[in-house]
Amino acid sequence: MELTSKYDASLVEAKWYQAWEAAGLFQSQPGSSKPSYTITIPPPNITGSLHMGHSLCYPIQDLIGRFKRLRGYSVLIIPGQDHAGIATQSVVSKQLKQQGIQPAELGRDKFVEKVWEWRQISGDTIIQQFRLLGCAFDWSKSRFTLDDDYVTAVLTVFIDWFNKGLIYRGKRVVNWDPVLQTSVSDIETERKTINGKLYHVRYPFQDGSGEVIVATTRPETMLGDVAVAVNPSDSRYDGLVGKTLLLPLLNREIPLLADPYPDPEFGTGAVKITPAHDPNDYEVGRRHNLEMPVVLDPKAKVCLPCKYEGMDRYEARKAIVADLEEQGFLVKVEDHQIPILVSERSGEVIEPLLSEQWFVKQTELAAPGIEAVRSGKINFVPERYGKVYLDWMENIRDCCISRQLWWGHRIPVYYTDSGQAFAALNQEDAQRQAGTDPIVRQDEDVLDTWFSSGLWPFAVQGWPQSEENLPDRYPTDVLVTDRNIIYLWVARMIMMGMDFIGEIPFKDVCIHATVMTEDGRRMSKSLGTGVDPTEVIEKIGADALRYTLLSQAGTNQEIRYSERRTEDARNFCNKIWNAARFILMNLEGQTPTKPDHLEIVDQWLLSRLAATEAQVREAYEAYDFQRAAAPLYQFFWSELCDWYIEVSKSRLNDPSQKNTPLWVMTTAIRSFLIMLHPIMPHITEELYAHLPGENKAPFIMSEAWPEVPAEFHNASAEQTVERWFNLVRALRALRADLDLDPKKEIPIAYFEGDLAGGEEVLRTQAWIGQLIHGTGDNQKLVSTTLEGIDLHLPVEGVIDLDRLGAKLATEELKLSADFEKISQRLENPQFIERAKPEIVEKEKALVEDLEDRLTKIRARRALLGV
RNA sequence: GGUCGCUUAGCUCAGUGGUAGAGCACUACAAUGACACUGUAGGGGUCACAGGUUCAAAUCCUGUAGCGACCACCA
């Protein structure tokens, strides 16, 4: 056998990926009689390369796909990429600026051309990385959210909603990024608290009858103040509401009005109202029909004609504070924790800004989406995220879908000379709708990325042009994603799917954990805490990386990535490799035949295999990969390698006996490899290729999930054999206590009791020459008792009596404590009466065993005089 | 402020009512015919805290604390 003694992933992984792809295994067979299983992957942004989070998310989907293939499904996983408007535009802008090119000078068309160039580079990188990870996705069906077909789908949705009145244009306060100069969604912002100041400013009454003190963290916005509000219940302002105030510095007249918004408990209870630069003030402004002057421009510079015009918001703040102080309006300044919003893309503080934007009405679209989850048609895993989703959907607000960008789906609204707006697939169509009124321009804005990715599950399948795939492949089976985009993506796909296809987009939503650094910090490129998955793959292989992450993925909300754990995974690969090598070496190219008779250890292993199969299958079905990986690891390393192979070595050395253990091992490892394949596709494929056997599939990937015959389940074999193993452990411990070399054969040992045929297992596994039934009379012995068996080792020469005595004393203490505890329990009549009978029986047996062992250990201590 | 989650061995985490577990790390031993990326043995835990339910609680209930995530308009 030409297998090396160390597993080298780099020699194996790429080879098999190419072989699978060449064999067409990533594509579903149309017209197959198998049931369909479909996933449309979350399209990664084309902003560079994949990170550790992707190395969890996509292998999970690959795992599910491989598992379902093994389970007999016709699996289709449709990959793709998201144009990711703002994220991509900002990446490309940065690159251009580094080359000394100003995007603004380039102009819209040239800039978009540059982004397409980048899309090619980043897209190729990402696909290459998916391949490195071993993801079996159908590349022939790959989609990009700006493909022509996809654009048609997006425009179709827009036009439909526009015509139904679900999309409207309006002035609202939105999150404005002054650097990128666009509105951004809530998901693209981050809440932070910074140390700032709270300025208390005097607003005098016009008639000179006093003043109102107003607190603000943003004095520069006072340029846009149109009122001061107090809570109607606030008695401090009784009789004052309705009077006119004079806005400091500008001397504008503004009213003091009553509104429920101000909290009387906070500060003076009086709030200055700047409707154009604060969402709450905007609401107050609407309630009272106030003017809404915009005083900051898209770059967050003062645009109101006044002495501060042209200053940016922070310069203006300084100047205004200085002027307020100088003119005696500033009462005091306090340190204050200020909550702010920061744009994730630019790092800039968001400026709430009143501007003209497009919105989608959400309430009526949300209703079917709420019902779908409430009724259980869509099922969140872990379940708790269903509640998160519902809380959001039940309080949903209209969302802003327009972005002031160049990269994206341009809003298909065309305006006529007279200002009428028509939504259309193209200008000609718009003109048709407009009749004689000439179309003069198209809306400049583009759609928010989430608007287009919301169509993903059906738009990637050709909707609206061709819908023939949909009956078979929609709803898709599972959506796998992280919790950060439940609202902005998952919710939208559900709403859009329900509205356009009339059916849920997926049955299960599997929310996976976030990959963190070893010390629990966020992985981020800018913080330097990111780990590049491709480097890890290069070092230890994709299988080991997959195992590292997948074996930690369950219902937890966080996974800590550490290099140390990748070593565990690499070691596991190596262990599998070497065990397989050992089995193959013993097979000598022969195929073992199914034996007529199995020994109990054989039955034990097959029973353990059966139990493992059930556990693993159920865990995979439940998307609990951690719960699948653990029994696989345990079965393989502990049960197959540490016990079964070791126990079988004597039979392997006897040509007349070797067929049976070889058949059992081959059966076990073949099943094991198939079950492990979804987690570690490459190494399992490589080893499967070396396995002998009839009925082998061309690839492990196209194998069938192991059918475990009912007769493999054998509780009594498990019980018998595990009892032997316990005795082996006890004998080994006894040897260690005597400072005997591990595995150096000791010539003779004695036992009393009924081993039920386990003599040979005990003898070989505890490295004993002769195991004799008897008391070993007249010899110096060290003994132990468990499982109803007394084990005696003759002691040669001098032993350390003190140490042995201490050991026995500790053991006796523990036994005696246990004995007391259980005895007390059994003396409690309520326990006997109310506990389940099998528990009582178990405890009775236990206490008898403890008593027996206690008696014997006491006798031994007396005998040794320790 | 609200919701959700977490708190178990030095570390990372399993464990849904019946004598506390795994991997790693640590200690001792072992170049033995699959594997030193190995094997054998060992030390190490008042299961965050306080109440309650129960014959019996790491596990179920209530509350508290710390950490984390999400939601929320405190100027």
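Order of the sequence lines fixes the chain letters, A, B, ..., with proteins taken first and strands second; residue numbering starts at 1 for each chain.
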Within the supplied structure, the quantity of interest is the number of heavy atoms (other residues, nucleotides, ligands) at a distance under 6.0 Å from [X] [atom1]; does it exceed 12?
X	atom1	answer
A:E563	CD	no
A:R236	CZ	yes
A:Q337	CD	yes
A:E538	CD	no

Once you apply a heavy-atom cut-off of 4.0 Å, does [X] come out as touching a base, just sugar-phosphate, or nothing?
X	result
A:A733	sugar-phosphate
A:P382	nothing
A:H336	sugar-phosphate
A:G269	base
A:R397	sugar-phosphate
A:D642	sugar-phosphate
A:I583	nothing
A:C641	base
A:D263	base
A:R570	base
A:R565	base
A:Y487	sugar-phosphate
A:D818	base

Between [M] and [N] - [atom1] atom distance, rounded Å:
N	M	atom1	value
B:U40	B:A31	C1'	15 Å
B:U27	B:G52	C1'	43 Å
B:U59	B:G15	C1'	9 Å
B:A9	B:G44	C1'	6 Å
B:C73	B:G17	C1'	47 Å
B:C74	B:A65	C1'	26 Å
B:G18	B:A58	C1'	13 Å

Interatomic distance where [atom1] belongs to [X] and [atom2] belongs to [N] [whole Å]:
X	N	atom1	atom2	result
A:E820	B:U19	CD	C1'	14 Å
A:D737	B:C29	CG	P	15 Å
A:D259	B:A75	CG	P	17 Å
A:Q634	B:G15	CD	P	15 Å
A:Y385	B:C70	OH	P	10 Å

I need the minimum non-hydrogen distance between A:L826 and A:I832, along with the two atoms involved.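 Scanning both residues, the minimum pair turns out to be O-CD1, 3.5 Å.
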Could you tell me which non-hydrogen atom of A:V728 sits nearest to which non-hydrogen atom of A:A766, and how far apart they are?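 Nearest pair, atom of A:V728 first, then A:A766: CG1-N, 4.3 Å.
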Kindly assign one of parallel, tilted or perpendicular to the pair A:W637 and A:F572, based on the angle between their ring planes and the thresholds 30° and 60°.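 Rings of A:W637 and A:F572: parallel, as their planes differ by under 30°.
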Does [N] have OP1 or OP2 under 4.0 Å away from a side-chain N or O of [X]?
X	N	value
A:K649	B:A34	yes
A:K6	B:U38	no
A:W637	B:G39	yes

For [N], which nucleotide is its Watson-Crick or G-U wobble mate, given both distances must be under 3.5 Å?
N	answer
B:C6	B:G66
B:A34	none
B:A75	none
B:A41	B:U27
B:C60	B:G52
B:A20	none

For A:P262 and A:Y7, find the nucleotide of RNA chain B closest to each by heavy atoms; which residue's nucleotide sits nearer the 5' end?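 Result: A:Y7.
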Closer to the 5' end of RNA chain B via nearest nucleotide, is it A:N586 or A:V214?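 In this pair, the answer is A:N586.
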Would you call A:R218 and A:E351 a salt bridge, using N to O less than 4.0 angstrom?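 Yes, this pair counts.
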With a 4.0 Å cut-off on N to O distance, would you call A:R313 and A:E220 a salt bridge?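 Salt bridge between A:R313 and A:E220, a charged N being under 4.0 Å from a carboxylate O: no.
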Every protein N/O lying under 3.5 Å from an N/O of nucleotides 1-11 of chain B:
unit_1: B:U3; atom_1: O2'; unit_2: A:K387; atom_2: NZ; d: 3.3

Does any donor-acceptor pair link the side chain of A:E646 with the base of B:A34 at a separation under 3.5 Å?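 A donor-acceptor contact between them is present.
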So A:Y199 and A:V321, do their side chains get closer than 4.5 Å, heavy atoms only?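 Yes, their side chains come closer than 4.5 Å.
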